[in-house]
Undergrad: 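Structure provided below as C-alpha cells; questions to follow.
Naming: A, B, ... by sequence-line order, numbering from 1 per chain. Computed from a predicted model, the values in this text were never measured in an experiment.
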Amino acid sequence: MTIRTRFAPSPTGYLHIGGVRTALFNWLLAKQAGGQFILRIDDTDTRRNLEETLQPILDGFRWLGLDWDEGPEVGGPQAPYFQSQRLAHYQTASRQLLASGHAYRDYSRPEEIAAEREAAEKEKRDFVYSRTWMAQSDEESAEFESQGRSFVVRLKMPRDGKCEFHDLVRGDVSFDWARESDHVIQRGDGTCLYHLANVVDDHDFDVTHVVRAVEHLSNTPRQIFILKSLGYSMPQYAHVPFVAEPGSKNKLSKRKIDQYLNNKDFKRLYQSGAEIAKRIGVEADPYSFNPVLVDFYRDIGFLPDAVLNYLVLLGWSLDDKTENFSRTEMLEHFSADRIVRSEASFDCQKLLSFQATYMNALPLKQKTKMCLGFLQKAGLVGEPVACEQGDVISKIVEAAGDRICMAGDILKFDTFFITDEDLEFEDKPFQKRMVKPANAGFLLAEFNKVLRVTDNFDAAVLETALHGFCETHGVGVGDIIHALRVAVTGKAAGFGMFDTLAILGRQRSCNRIQIALDELAKRVEANQ
RNA sequence: GGCCCCUUCGUCUAGUGGUCUAGGACUCCGGCCUUUCACGCCGGCAACACGGGUUCGAGUCCCGUAGGGGUCACCA
C-alpha cells in the first residue's frame, strides 16, 4: 500500500513555521516510502480573497522545496483540493449519516442549547444534550418546523463505552464516548463543518496517515465516529507535539509577536532581518514580517535546507549525535516512531547556527549569486551586472567568508559599493584609531605614499609592503592597521585588511586614505 | 472546572532496569589563534519536577503530588 499524507492549511496569508514542521513530517513520511504528499486547502470558513491569502503559503512551500503531488496548481485525480469546492461531497455524507441514524436533525434554538449548557455547568456536571429537539422522522421534523424552527445536523454520538485507537506517536489512547457531545456537522444553511469535511476529504483522497498537531488529538474520537459510521477505514494517526514559543511551552502563535519580541534572541533575529528588509524595500512590520513566518527567512537570505534541517530536529531525532541532515538523509532516516512526545520551543539561536553551517558549505558561486540579488534589490549594483563588477562581488563574498550568515548580510559590506566621497566614518572608531593615537596621521600619510607605488596591488604584496613599512618606522602592525581600516572602510571591524585594500584597488584605497586624513586634520583643528 | 496530553542542562535532544560519577548540539563563560570582527581549536558551567513504592539495583517500571500545555463552537 502506498503511503499518502496531507497537509491542510487554511489560507491565512502566511506560512507559519510550526505548520511547516508538521508539513515536513508529512512530506518526509510520504516521500521516503515513494508515496504522495497532498496539499488540501481548508477554506470552508473563509470569506477572504483566496488568491491573496493562498499564494504566500504556496510560495513558502515552493521555496522550501516541499513539493506536493496533488493539490492547488498541480491538480490531481481527486480535484478540486479546496474544501470550499467540495460541499456536495460533504452533503452527501451528511445525508448518509442521517439515513443510517448516526446523525439527526436538531431543531433546537441556540439559546436553548446555551441554557442546557449553563445548567450543566451550574450543577458541575458534564454537558450532555437532552436531544429534546432531535427529529428522527419526517413527522417530528414537520412538527418542529410548524413551530417555526429550522435545523442543523448533529452527530448522534454514543453515550457509553470508549473510543480506543492507536497513535504512531502517543501509543494507545482512549476517550470515553460519553464525554463527546453531539457535534454539529452541517449548518442551517446547508454548509458543512470542519470535522465532517476533514473526514470525507481524507477518505476521498485515500489518505493513509493523518499526521497533525496534538491539538487535534481530542478531536479524533468524533472523527473516528464519523468515519466508522460512513463505513470508511481508519487511517493511521500520528499526533505530533506543537512548536512552542521561544522560552515557553505555549503554542507558537503569530498573534503574540509583541511578546516574542521581548525574547532577546527573537528580537535580535527580527532586528537583523528588519535591517535587511529596509534596505531592499521589504515591509518590515513585525506583524507580517517576523521569525515565526517562513517568508521572513526567504526574504533575508536564508537557505531552505538550513530551515528544514532545524525544523526536522524540532521534535524528532535520529540518535544521540547526528544533527546535520541533507534532504536525502532526512528522507532516508526519518521515522514516525522517533517523533518526540513533548512540545519543543522555537529557538532562534539554533536555527541561526544551522544557517551559518549551511551558508558556509555553499559553493562560492552560489553564495555570490544569492548575495548579488540583495545588492541589486538594495540598488547598490545595477542589473545586469557588469562582468568586471561580478568578479569584484565574488571576491568580496569570498573575503567576507563566514561573516555572511544570511545572504542579506552582504549589505553590511556596502562600503565597497559607495563612492569614496560618500564614505562615512563611524565616530567612535575614528576617534579611537585616528584622532587619539598621536602618530596615526603621520603613519597613514607615509604609508599612503608606499601604496601609490607598490608593484602590484594584491593582498600578498600589500601585506609584505606593510610589514616592511612597520620595520623601517620601528612601529608595530597594530599601530597603523586599525587606523588604516577606519580610513578605508569607515568601520572598526571588517574582514582581512589586505583583502579589503586589494578589492578596493589602488586608486580608491589611496583616495580614501587621503579623505580620512583631511577629515582628521579638520577634527584636530576644531578641537584646538 | 471536566477530559486528555506532557515533564532529562537556559534551549533542542540521547537514554526502553546495571555500561549514567547522565552523552551530543545550540547558547553562555574562559583560553588559544589573530591586524579588527567573525570563523576555527581547546576547556568549562549546566539537567533526570517532587514524594512514595517495586527491585540486589530506577532517569528508565507503578502510584500519587506539583507544574506546564491542549481541548471542551453552527472556527479550522
Undergrad: Please tell me which of the listed nucleotides, B:C12, B:A76, B:U36, lies nearest to the side chain of A:His195?
TA: B:A76
Undergrad: Mind checking A:Tyr194 for me? I need base, sugar-phosphate or nothing, with any heavy atom below 4.0 Å counting as a touch.
TA: base
Undergrad: If you check the A:Arg341 side chain, which of B:C37, B:G24, B:C6 turns out closest?
TA: B:C6
Undergrad: Touch check for A:Asp402, heavy atoms < 4.0 angstrom, all strands: base, sugar-phosphate only, or nothing?
TA: base
Undergrad: Are A:Thr220 and A:His239 linked by a side-chain donor-acceptor pair shorter than 3.5 Å?
TA: yes
Undergrad: Between A:Arg86 and A:Asp204, is the closest basic N to carboxylate O distance under 4.0 Å?
TA: yes
Undergrad: For A:Glu112, which residues count as a salt bridge (charged side-chain N to carboxylate O under 4.0 Å, His left out) partner, sequence neighbours excluded?
TA: A:Arg149
Undergrad: Choosing from B:G23, B:C4, B:C6, which nucleotide comes nearest the side chain of A:Asp320?
TA: B:G23
Undergrad: Give every residue pair that meets the salt bridge (charged side-chain N to carboxylate O under 4.0 Å, His left out) criterion with at least one member in residues 405-414 of chain A, sequence neighbours excluded.
TA: A:Arg279-A:Asp414, A:Asp409-A:Lys412, A:Asp414-A:Lys491
Undergrad: How would you list all residue pairs meeting side chain to side chain donor-acceptor pair (under 3.5 Å) that involve residues 168-179 of chain A, not counting sequence neighbours?
TA: A:Asp126-A:Arg179, A:Lys162-A:Asp176, A:His166-A:Asp172
Undergrad: Hey, can you pull the donor-acceptor pairs under 3.5 Å for the side chains in residues 470-479 of chain A, sequence neighbours left out?
TA:
{"unit_1": "A:Thr472", "atom_1": "OG1", "unit_2": "A:Gly468", "atom_2": "O", "d": "3.2"}
{"unit_1": "A:Thr472", "atom_1": "OG1", "unit_2": "A:Phe469", "atom_2": "O", "d": "2.8"}
{"unit_1": "A:Asp479", "atom_1": "OD2", "unit_2": "A:Gly476", "atom_2": "N", "d": "2.9"}

Undergrad: By ring-ring contact (aromatic ring centres under 6.0 Å, His included), which residues pair with A:Tyr107, not counting sequence neighbours?
TA: A:Phe144, A:Phe151
Undergrad: How long is the line joining OH of A:Tyr129 and C1' of B:C74, in whole Å?
TA: 13 Å
Undergrad: In residues 259-271 of chain A, which ones come under 4.0 Å of RNA chain B, going by heavy atoms?
TA: none
Undergrad: Let me know, please, whether A:Gln83 or A:Arg338 comes out on the 5' side of the other along RNA chain B by nearest nucleotide.
TA: A:Arg338
Undergrad: List the residues meeting side chain to side chain contact (heavy atoms under 4.5 Å, CB included) with A:Glu323, not counting sequence neighbours, and say none if there are none.
TA: A:Leu313, A:Lys350, A:Phe354
Undergrad: Rounded off to whole Å, could you give me the CG-to-C1' distance for the A:Asn324 and B:U13 pair?
TA: 14 Å
Undergrad: Going by the rule side chain to side chain donor-acceptor pair (under 3.5 Å), which residues pair with A:Thr368 if we only count those two or more places apart in sequence or in a different chain?
TA: none
Undergrad: Checking base pairs now: Watson-Crick or wobble, both atom distances under 3.5 Å. What partners B:C9?
TA: none
Undergrad: Report yes if at least one side-chain N or O of A:Ser353 is closer than 4.0 Å to OP1 or OP2 of B:A25; otherwise report no.
TA: no
Undergrad: Any ion pair linking A:Lys256 and A:Glu245 (charged N to carboxylate O, less than 4.0 Å)?
TA: yes
Undergrad: Check whether NZ of the Lys or CZ of the Arg A:Arg268 lies under 6.0 Å from the centre of the six-membered ring of A:Phe266 and within 45 degrees of that ring's axis.
TA: no
Undergrad: Got a donor-acceptor pair under 3.5 Å from the side chain of A:Arg485 to the base of B:U35?
TA: yes
Undergrad: Is any side-chain N or O of A:Lys321 under 3.5 Å from a base N or O of B:A25, one able to act as donor and the other as acceptor?
TA: no
Undergrad: Does a donor on one side chain and an acceptor on the other come within less than 3.5 Å for A:Arg485 and A:Thr489?
TA: no
Undergrad: With respect to the side chain of A:Val152, which nucleotide from B:U13, B:C3, B:C74 is positioned closest?
TA: B:C74
Undergrad: I need a per-nucleotide contact map over nucleotides 64-73 of chain B, read 5' to 3'. Cutoff is protein heavy atoms under 4.0 Å; write B for the base, S for backbone only, - otherwise.
TA: ----SSSS-S
Undergrad: Is the shortest side-chain heavy-atom distance between A:Thr53 and A:Thr12 below 4.5 Å?
TA: no
Undergrad: Kindly point out which of B:C12, B:C6, B:C26 is positioned nearest to the side chain of A:Arg170?
TA: B:C6
Undergrad: Enumerate the residues from residues 490-503 of chain A whose closest heavy atom to RNA chain B is under 4.0 Å, giving them by residue number; use none for an empty result.
TA: A:Ala492, A:Ala493, A:Gly494, A:Phe495, A:Gly496, A:Met497, A:Phe498
Undergrad: Measure from the side-chain heavy atoms of A:Ser342 and tell me the nearest of B:U7, B:A38, B:C74.
TA: B:U7
Undergrad: Taking only residues two or more places apart in sequence or in another chain, which ones pass side chain to side chain contact (heavy atoms under 4.5 Å, CB included) with A:Ser335?
TA: A:Trp316, A:Asp337, A:Arg338
Undergrad: Tell me the interatomic distance from A:Trp133, atom CH2, to B:C74, atom P, rounded to whole angstroms.
TA: 15 Å
Undergrad: From the options B:U35, B:C4, B:U27, select the nucleotide whose nearest atom is closest to the side chain of A:Gln349.
TA: B:U27
Undergrad: Produce a footprint string for nucleotides 40-45 of chain B: one letter per nucleotide, 5' end first; B if the base is under 4.0 Å from any protein heavy atom, S if only the sugar-phosphate is, - if neither.
TA: ------
Undergrad: Given A:Asp182, which of A:Arg159, A:Arg222, A:Lys156, A:Arg154 fulfils the salt bridge (Lys or Arg N to Asp or Glu O under 4.0 Å) condition?
TA: A:Arg159
Undergrad: If you pin A:Glu323 and A:Val340 to their nearest nucleotides in RNA chain B, which one's is more 5'?
TA: A:Val340
